[in-house]
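No experiment lies behind these values; they were computed from the predicted model shown.
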Amino acid sequence: MKVALVLGAGGVVGGAWLTGAMVALNASTGWSPVAADVEIGTSAGSVVAAFVAAGVAPRRLLPGPPEEGLDAAPDWLRDLTRPGAYRFPWRLPTLRPGSIGLARRALRERAPSRMISGLVPPGTVPTTVIETAVRRVVADGWAPHDACWIVACDYRTGDRVVFGRDDAPRPPLATAVAASCAIPGFFRPVPVAGRLYVDGGLHSMSNLDLLVGHDLDLVVALSPMSTRARPRSRNPWMGVAAALRRRRARQVAAEVARLRRDGAEVLLLEPGEADLAAMGPNVMDGSRARRVAEVARDTTLARLELPSVRHLVDRLRSAARR
């Protein structure tokens, strides 16, 4: 049985949610994400995918101090979730648009979020923390996993590029992950082979459609930035974040439908109400990382007990025994 793992975008808190959900998956089924035949990571998901592709067990990715029965988070992981790790430099930003080409193409395609990403000034926050963390695990070259795909977008055109495939440039894994995480207007675009690349979430928060035509039996998709759940909060920013997640959930649902028509079964996990409360409105708030991971672990364990996904959980258990 061929199983793929897809890890979506979501900033620091989204990455924490991914680790908690993966710990729950492993505890409930015995299946390790390290064993996936194909691994796709977008933005925050690319960071986690890089570690998993290098053989790092999900339990070692939990942020914060160790708890009973779990390993302590390594130094490189603590750096990624350290509050204040991603602050804007103290200098006046340029007022010029970051990418007129991206904005023009997005306007033609009626993609308002991508158009805004092209019009905002170039980001100024370096991706050094991200690159350093990945290099601590994979010092040079690509991941040991043969099918680890890291998704980014060309900053000039908005075209999706999938690092790790034969049809894309082959930078070091750390550089590819930094490019996948480079939120326009926040992080500096990342140069690769003479071009600039930014966050793969510009194209899709999950990029599940990349798996169409790959003859997969089961796709395990974790998507921190899409959900139909509504937070119980009067914070207006929470309402805005929830509305954006609901919009993204429609795109993810369309990608899931394509995969199912292609013959693959899909286990899709998204944040619920309790997860949204833990995550808050700021996706880069590292102070929430540990709590988010804990809540994600508990809520995912509960979701995996639902009758609607029981047959998919049983298939993962079968895959774990192969």
Exercise. Is there a side-chain contact between Leu259 and Val212, using heavy atoms and a 4.5 Å cut-off?
Worked result: yes
Problem set entry | Electrostatic pair Lys2:Asp215 at N-O distance under 4.0 angstrom | no
Exercise. Got a sec: does the CZ of Arg247 have more than 12 other heavy atoms crowding it under 6.0 Å?
Worked result: no
Exercise. When you measure from the side chain of Thr132 to the backbone N and O of Val129, does any donor-acceptor pair fall under 3.5 Å?
Worked result: no
Exercise. Which atoms form the tightest heavy-atom contact between Ala4 and Leu211, and what is the distance?
Worked result: CB-CD1, 3.8 Å
For this session: Locate the shortest heavy-atom distance separating Val192 from Pro169; write the atom from each residue and the value.
Result: CG1-CB, 4.0 Å
For this session: Give, for atom OG of Ser43 and atom CG of Asn207, the distance between the pair rounded to the nearest 0.5 Å.
Result: 10.5 Å
Seminar exercise, completed: When rounded to the nearest 0.5 Å, the distance separating CZ of Arg315 from CG of Leu267 is 11.5 Å
Problem set entry | Arg104, CZ: over 12 other non-hydrogen atoms inside 6.0 angstrom | no
Problem set entry | Spatial distance of atom CD1 (Ile100) from atom CG (Leu119) [nearest 0.5 Å] | 6.0 Å
Exercise. Minimum heavy-atom separation for Val138 to Ala54, with atom names?
Worked result: CG2-CB, 3.7 Å
Exercise. Rounded to the nearest 0.5 Å, what separation is found between the CD atom of Glu305 and the OG atom of Ser28?
Worked result: 5.5 Å
Exercise. Is there a donor-acceptor pair closer than 3.5 Å between any side-chain N or O of Asp209 and the backbone N or O of Glu255?
Worked result: no
Exercise. Counting distance only, does the side-chain N/O of Ser180 pair as donor-acceptor with the main-chain N or O of Thr42 below 3.5 Å?
Worked result: no
For this session: Please examine the side chains of Val198 and Ser117, heavy atoms only from C-beta on, and report whether any two atoms are closer than 4.5 Å.
Result: no
Exercise. Is the backbone N or O of Gly201 less than 3.5 Å from a side-chain atom of Asp199, with the two atoms forming a donor-acceptor pair by type?
Worked result: yes
Problem set entry | Any side-chain heavy-atom pair of Arg156 and Arg195 under 4.5 Å | yes
Which atom pairs, one a donor and one an acceptor, fall under 3.5 Å between side chains of residues 273-281 and the rest of the protein, sequence neighbours left out?
residue	atom	partner	partner atom	Å
Glu273	OE2	Arg232	NE	2.9
Asp275	OD1	Trp17	NE1	3.3
Asp275	OD1	Thr299	OG1	3.0
Asp275	OD2	Gly272	N	2.8
Asp275	OD2	Thr299	OG1	3.2
Asp275	OD2	Arg303	NH2	2.8

Problem set entry | Nearest heavy-atom neighbours spanning Gly10 and Ala44 | N-CB, 3.8 Å
Exercise. Ignoring hydrogens and geometry, is there a side-chain-to-backbone donor-acceptor pair from Arg160 to Ala152 under 3.5 Å?
Worked result: no
Problem set entry | Any pair counted as ring pair (Phe, Tyr, Trp, His ring centres under 6.0 Å), so long as it reaches residues 120-170, sequence neighbours left out | Trp149-His214, Phe163-Tyr197
Exercise. Which pair of heavy atoms, one from Cys181 and one from Val47, lies closest together, and at what distance?
Worked result: SG-CG2, 3.5 Å
Problem set entry | Separation between OG of Ser206 and CG of Leu222, rounded to the nearest 0.5 Å | 11.0 Å
Exercise. Taking the side chain as C-beta and beyond, is there a heavy-atom pair between Glu39 and Pro33 under 4.5 Å?
Worked result: no
Problem set entry | Test item: Leu62 and Arg290 side chains (from C-beta on) under 4.5 Å apart, heavy atoms | yes
For this session: Check the surroundings of atom CG in Asp167: do more than 12 heavy atoms from other residues, nucleotides or ligands lie under 6.0 Å from it?
Result: yes
For this session: Answer yes or no: is there an ion pair linking Glu270 with Arg245, defined by an N-O contact shorter than 4.0 Å?
Result: no
Problem set entry | More than 12 heavy atoms from other groups under 6.0 Å of CG on Asp298 | yes
For this session: Could you pull out the closest heavy-atom pair between Pro171 and Ala176, with the gap in Å?
Result: CG-CB, 4.0 Å
Problem set entry | Side chains of Glu131 and Thr175 in contact at under 4.5 Å (non-hydrogen atoms) | yes
Problem set entry | Any donor-acceptor N/O pair, Thr227 side chain to Pro271 backbone, under 3.5 Å | yes
Exercise. Taking Arg105 for the side chain and Thr157 for the main chain, is one N or O donor matched with an acceptor at less than 3.5 Å?
Worked result: yes
Exercise. Out of curiosity, Leu102 CG to Arg114 CZ, how far, rounded to the nearest 0.5 Å?
Worked result: 7.5 Å
For this session: For Arg260 and Val266, indicate whether the former's side chain and the latter's backbone hold a donor-acceptor pair under 3.5 Å.
Result: yes
